[in-house]
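If you scroll down you'll find the structure; I have some questions about it.
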Amino acid sequence: MMKKNNSEQNGRSMIEMLGVLAIIGVLSVGGIAGYSKAMFKYRTNRTMDQATTLIANIRMLYTNQTSFEGLDMDAADEFEAAPTDMIIKEGDKVTGLQNALGGSVTIAPTDDNKSFQVAFGGLNKLACITIATGGWEENASSGLVEMQIGTGGEKPGDAITLDKNKFNWTTKTLPITIAAAEQACIDGINAVGWTYNITAY
């Protein structure tokens, strides 16, 4: 009895397999890029929410006060003004505040204690433009006195100083337009600062 010789191949050829792997690679790269964009947008939106919440809570906390004296990171933590995901602690001690984009956050009263300043750092150019143009209104009920865009710092976590002599702050007319923000925000590390007065709600 003679055996039949079957010369037909079963399965895929090497070229077909390489083609499939190339398609998977392209789809993976596209998926990762899309995920990165979505995460950046989420973190930017979360940073806006953190700023809004922090500012509203500080203003509510000091509604019946005549001064913002003593306002700092510890006070923001003790009176639960700062969202919990912003607080950096070592043990029970607050060592800093950080926004959702990884940048440092500074809170301080002005020299006369009649206003307070909040600054969010570690912002790339797109985040800086988005946050600066986020619909912040200067009017009597908002208490917003001015907004500033700052440049400086070598990395996102660098501390922000509100001292204009040590950090390059530019005060902008409100509301800040996209064109003005685009001109002020640089390709490196940026910060956005807000100054609010004691005006009650």
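Since this is a predicted model, take the numbers as computed values, not measurements.
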inquiry  = Return the OG1 to CH2 distance between T171 and W169, rounded to the nearest 0.5 Å.
reply    = 9.5 Å
key: Test side-chain contact (heavy atoms from CB on, under 4.5 Å) applied to N45 - qualifying residues, sequence neighbours left out   =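 Only K41 meet the side-chain contact (heavy atoms from CB on, under 4.5 Å) criterion with N45.
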message = For the CE atom of M48 and the OG1 atom of T53, what is their distance to the nearest 0.5 Å?
response = 11.0 Å
key: Q65 side chain near S67 side chain, heavy-atom distance below 4.5 Å   =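 Answer no - side chains too far apart.
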key: Backbone N/O of S115 and side chain of T110: donor-acceptor pair under 3.5 Å   = yes
remark   = When every non-hydrogen atom of W136 is compared with those of A51, the smallest separation belongs to CH2-CB, 4.1 Å
ask   = How would you list all residue pairs meeting disulfide bond (SG atoms under 2.5 Å apart) that involve residues 38-113, not counting sequence neighbours?
value = none
message = Taking I87 as the starting point, is it possible to reach M73 by hopping between hydrophobic residues whose side chains are less than 4.5 Å apart?
response = yes
Do any side-chain atoms of residues 174-189 form donor-acceptor pairs under 3.5 angstrom with protein atoms, and if so which ones, sequence neighbours left out?
{"residue": "T177", "atom": "OG1", "partner": "A180", "partner atom": "N", "Å": "3.0"}

request  = Check side-chain contact (heavy atoms from CB on, under 4.5 Å) between T170 and all other residues, then give those that pass, not counting sequence neighbours.
outcome  = K172
key: Distance-minimising heavy-atom pair for C128 and V192   = O-CG2, 4.1 Å
note = Scanning both residues in full, the closest heavy-atom pair of L54 with A82 reads CD1-CA, 3.7 Å
For L101 against A127, the heavy-atom pair lying closest together = CD1-CB, 3.7 Å
Partners meeting side chain to side chain donor-acceptor pair (under 3.5 Å) with D85 (sequence neighbours left out) =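 Listed in chain order: R46, Q50.
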request  = Can you measure from OG (S104) to CE (M86) and round to the nearest 0.5 angstrom?
outcome  =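 Those atoms lie 10.0 Å apart.
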request  = Report the C-alpha separation of L144 and T195 in whole Å, then their side-chain angles, then the decisive distance to 0.1 Å, and conclude whether the side chain to side chain contact (heavy atoms under 4.5 Å, CB included) test is met.
outcome  = CA-CA 6 Å; L144 181 59; T195 303; 5.7 Å; no
message = With rounding to the nearest 0.5 angstrom, report the CG to OG1 distance, N124 to T130.
response =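 Output value for this atom pair is 8.5 Å.
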inquiry  = Working to the nearest 0.5 angstrom, can you tell me the gap between I129 CD1 and N190 CG?
reply    =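 It comes to 8.5 Å.
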ask   = Which residues satisfy the side chain to side chain donor-acceptor pair (under 3.5 Å) test with T95, sequence neighbours excluded?
value =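 T95 satisfies side chain to side chain donor-acceptor pair (under 3.5 Å) with no residue once adjacent residues are dropped.
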With sequence neighbours excluded, residues passing side-chain contact (heavy atoms from CB on, under 4.5 Å) with L61 =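 Checked L61 against side-chain contact (heavy atoms from CB on, under 4.5 Å); matches are F79.
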inquiry  = Just to verify, what does D92 make a side-chain contact (heavy atoms from CB on, under 4.5 Å) with, not counting sequence neighbours?
reply    = none
task = State the CG-CD1 distance between D74 and I107, to the nearest 0.5 angstrom.
result = 10.0 Å
note = N57 and A81 have their tightest heavy-atom pair at ND2-O, 2.9 Å
key: Under the side chain to side chain donor-acceptor pair (under 3.5 Å) test, residues paired with R43 that sit two or more places apart   =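 Applying side chain to side chain donor-acceptor pair (under 3.5 Å) to R43 gives none.
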query = Shortest non-hydrogen contact from I88 to L97?
reply =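 Minimum heavy-atom separation between I88 and L97: CD1-C, 4.4 Å.
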message = Distance alone, cut at 3.5 Å: any donor-acceptor contact between the side chains of T151 and N168?
response =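 Yes, N168 and T151 have a side-chain donor paired with an acceptor closer than 3.5 Å.
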Pairs satisfying ring-ring contact (aromatic ring centres under 6.0 Å, His included), at least one member in residues 93-125, at least two apart =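 The answer is F68-F116, F116-Y196, F120-W194.
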Partners meeting salt bridge (charged side-chain N to carboxylate O under 4.0 Å, His left out) with K89 (sequence neighbours left out) =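 Residues passing salt bridge (charged side-chain N to carboxylate O under 4.0 Å, His left out) with K89: D77.
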ask   = Would one find more than 12 heavy atoms of other residues, nucleotides or ligands at under 6.0 Å from atom CG of D112?
value =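 Enclosed: over 12 neighbouring heavy atoms sit under 6.0 Å from CG of D112.
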